[in-house]
Every structure is written in structure tokens, then in C-alpha cells.
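The block underneath contains the structure these notes are about, expressed in C-alpha cells.
Only this structure's heavy atoms are used, side chains among them; waters, hydrogens and symmetry mates stay out. Quick caveat: nothing in here was measured; it's all calculated off a predicted structure.
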Amino acid sequence: MLETTPSRSTPRYALNKNKYLIHPEYDYLHELLKNHAHRELRNCCLLFIALHTGARATEILNLKFSDLNRYDESLFIRGIKNSNDREIPLPSWLFQYLISLKVKRHSHKNSNCDDERIFPITYNRLRQIWQFYRPSEKKFHSLRHTFAIRLYEKTKDLRLVQVALGHRNITNTMIYADYVYSQQELRRLIL
């Protein structure tokens, strides 16, 4: 008789639609942020950065103006949780929003603000901002998953997603390829 022993490994993280923004939610949030950017530039930039870089909340809160690269219009992100540092290109309009934020902050202070944090707020304030703008009852971390899924859907390049998220081990990144593949194949075979 064959004996089975319970697996001692931790269960693999599984994605589902409650852990990322589906396309209509993404579109709604993006449009909402664009419409509010002239009034709430800092808050909208914070959420745009999450959507367009896949950075974790703490990584975003640690960003400094000196992390902006004007030549490439990119943003340097210092990895946390044993992840790699990375430089992510930004859409020109978002980079310009960040420059506007810097100019606005610099005009209020007579000092060099390069070493200042771009978002000098607490994690609790970040959560409040997210709760105000979020299109559904999903966590802030859903923006990281949304970025990864959209990047994988666009490129089908798992290595690129790994680099963009700062994962040291590609096994962590494979959840996105597995999820996208299984959803696409199920739709193709069932519908």
C-alpha cells in the first residue's frame, strides 16, 4: 500500500481576479487619476507610480527626487524584501507630473529637494489615499499584480517581468505566466 505524507512545502501563491485590477477597473482608475491630477498631484502621482512600475508600497514611500533620471525619463527603485533594485522607464506625461511635483515642492522651500522623499507620507496615509481612489475593494498591492499581469500579457516575456518586479528568483514571477496562460487557454477551450 502506498503511503502519502502531507507536503511540507508552503502552498504556492495563487492569483485570482480579487488580487489585481481587471481591465475596466484599471481603465476607470487611470481616467479618475488623470481627471484629479491637477487638484491632487501628489496623490495621483503616487498611484500612477504604483500602476506603471509595479513597485511595492514601501518602495514607493522610499523614493527620492534624486531617483528620477531626466535623461531616460526613468525612476530608480530600491528593492525591499530581498528584491533587486531596478530602473523603470516612465511614460513622458508621468515623468513630467513628477517634475512638476518637484518644482512645486522646491518653490515652497528654499533648499535642494533632491534628497527629499517624493511622497513624504506614512503607510497609513497611503492606504487612505488608495481607499479614496480605488475602483473596487482590492488592496493596494493589487496594483503590483496588475502591473505584472499587464506587462506579461503585452510582452509574454517572463524574464522582463522578473526584472521589472525586482524578483531574484523567477519562480516568484511564474505565477503571472501561469495565471495568464491558464485563463487564456480556458477561454479558448471552453468558449
Side-chain angles (χ1 to χ4, degrees), residues 9-34 36-37 40 42-64 67 74-91 94 97-98 117-155 157-183:
S9 65
T10 57
R12 196 158 164 205
Y13 185 83
L15 278 176
N16 62 50
K17 289 194 185 320
N18 294 322
K19 294 182 181 176
Y20 71 96
L21 300 183
I22 59 175
H23 290 288
E25 292 169 335
Y26 176 91
D27 293 342
Y28 173 82
L29 178 60
H30 213 275
E31 195 60 32
L32 181 67
L33 294 175
K34 279 274 196 184
H36 283 84
E40 298 285 332
R42 183 201 67 194
N43 297 345
C44 292
C45 279
L46 185 146
L47 297 176
F48 274 135
I49 291 295
L51 274 176
H52 288 276
T53 67
R56 295 177 179 93
T58 305
E59 291 171 335
I60 292 171
L61 294 178
N62 288 333
L63 291 172
K64 296 180 178 182
D67 296 327
S74 61
L75 182 63
F76 181 76
I77 299 170
R78 285 172 197 77
I80 61 164
K81 293 177 74 174
N82 202 28
S83 65
N84 293 323
D85 296 343
R86 58 230 184 252
E87 191 158 347
I88 305 292
L90 298 175
L94 178 52
Y97 279 179
L98 291 169
R117 290 186 310 146
I118 297 173
F119 307 107
I121 59 173
T122 64
Y123 180 77
N124 284 336
R125 181 64 184 131
L126 178 144
R127 285 183 53 230
Q128 290 171 343
I129 293 166
W130 173 238
Q131 286 175 347
F132 180 77
Y133 285 100
R134 69 183 180 181
S136 61
E137 296 288 320
K138 296 175 181 173
K139 296 179 180 181
F140 182 82
H141 198 73
S142 67
L143 300 178
R144 181 171 170 84
H145 294 314
T146 302
F147 169 80
I149 287 171
R150 291 176 67 89
L151 182 59
Y152 184 76
E153 285 176 339
K154 184 187 262 186
T155 65
D157 186 338
L158 194 58
R159 175 75 176 115
L160 182 64
V161 176
Q162 177 190 11
V163 169
L165 293 179
H167 287 164
R168 290 191 186 254
N169 189 335
I170 200 153
T171 305
N172 298 336
T173 316
M174 288 177 62
I175 62 166
Y176 302 107
D178 292 348
Y179 181 74
V180 169
Y181 171 78
S182 66
Q183 292 302 301

Closest non-hydrogen atom pair between N18 and K138, with its separation: O-CG, 3.7 Å

Gap between atom CD of E31 and atom CG of D27 - 0.5 Å precision: 8.5 Å

Which residues share a side-chain hydrogen bond (donor to acceptor under 3.5 Å, both in side chains) with K139, sequence neighbours left out: none

Spatial distance of atom CG (L47) from atom CD1 (I129) [nearest 0.5 Å]: 7.0 Å

Any I49 side-chain heavy atom under 4.5 Å of Y97 side chain: no

Reported OH-to-NE2 distance for the pair Y176 and H145, which is rounded to 0.5 angstrom: 4.5 Å

Working for side chain to side chain contact (heavy atoms under 4.5 Å, CB included), residues R125 and N43: CA-CA 10 Å; R125 181 64 184 131; N43 297 345; 3.9 Å; yes

Y133 OH: over 12 foreign heavy atoms closer than 6.0 Å: yes

Side-chain heavy atoms of L21 within contact of R150, under 4.5 Å: no

Sequence-distant partners of R56, salt bridge (charged side-chain N to carboxylate O under 4.0 Å, His left out), two or more places apart: E59

Pairing residues for R144 by the salt bridge (charged side-chain N to carboxylate O under 4.0 Å, His left out) criterion, not counting sequence neighbours: none

Residues in side-chain hydrogen bond (donor to acceptor under 3.5 Å, both in side chains) contact with S136, at least two apart in sequence or another chain: E25

Least distance between heavy atoms, P89 atom then S74 atom: CA-CB, 3.8 Å

Within-4.5 Å side-chain heavy-atom neighbours: L126 and F119: no

R86 to V163 - nearest heavy-atom pair and separation: CD-O, 3.6 Å

Spacing of E137 atom CD and Q131 atom CD [to the nearest 0.5 Å]: 8.0 Å

Flag for N124-T122: side-chain donor and acceptor within less than 3.5 Å: no

Heavy-atom side-chain contact between R134 and L29 under 4.5 Å: no

Least distance between heavy atoms, F147 atom then A50 atom: CB-O, 4.4 Å

Counterpart residues, side-chain hydrogen bond (donor to acceptor under 3.5 Å, both in side chains), relative to Y20 (two or more places apart): K17, Y179

I149 side, atom CD1; Y26 side, atom OH - distance, nearest 0.5 Å: 12.5 Å

Side-chain heavy atoms of N172 within contact of L165, under 4.5 Å: no

Heavy-atom side-chain contact between L32 and P135 under 4.5 Å: no

Separation between CD1 of I118 and CZ of R42, rounded to the nearest 0.5 Å: 12.5 Å

Residue list, ring-ring contact (aromatic ring centres under 6.0 Å, His included) with F48, at least two apart or on another chain: H30, W93

From T155, D157, V161, residue fulfilling side chain to side chain contact (heavy atoms under 4.5 Å, CB included) relative to R159: D157

Minimal non-hydrogen separation, R168 against N82, with atom names: NE-O, 2.6 Å

Side-chain heavy atoms of D67 within contact of N62, under 4.5 Å: no

Minimum heavy-atom distance A55-I77, with the two atoms named: CB-CD1, 3.9 Å

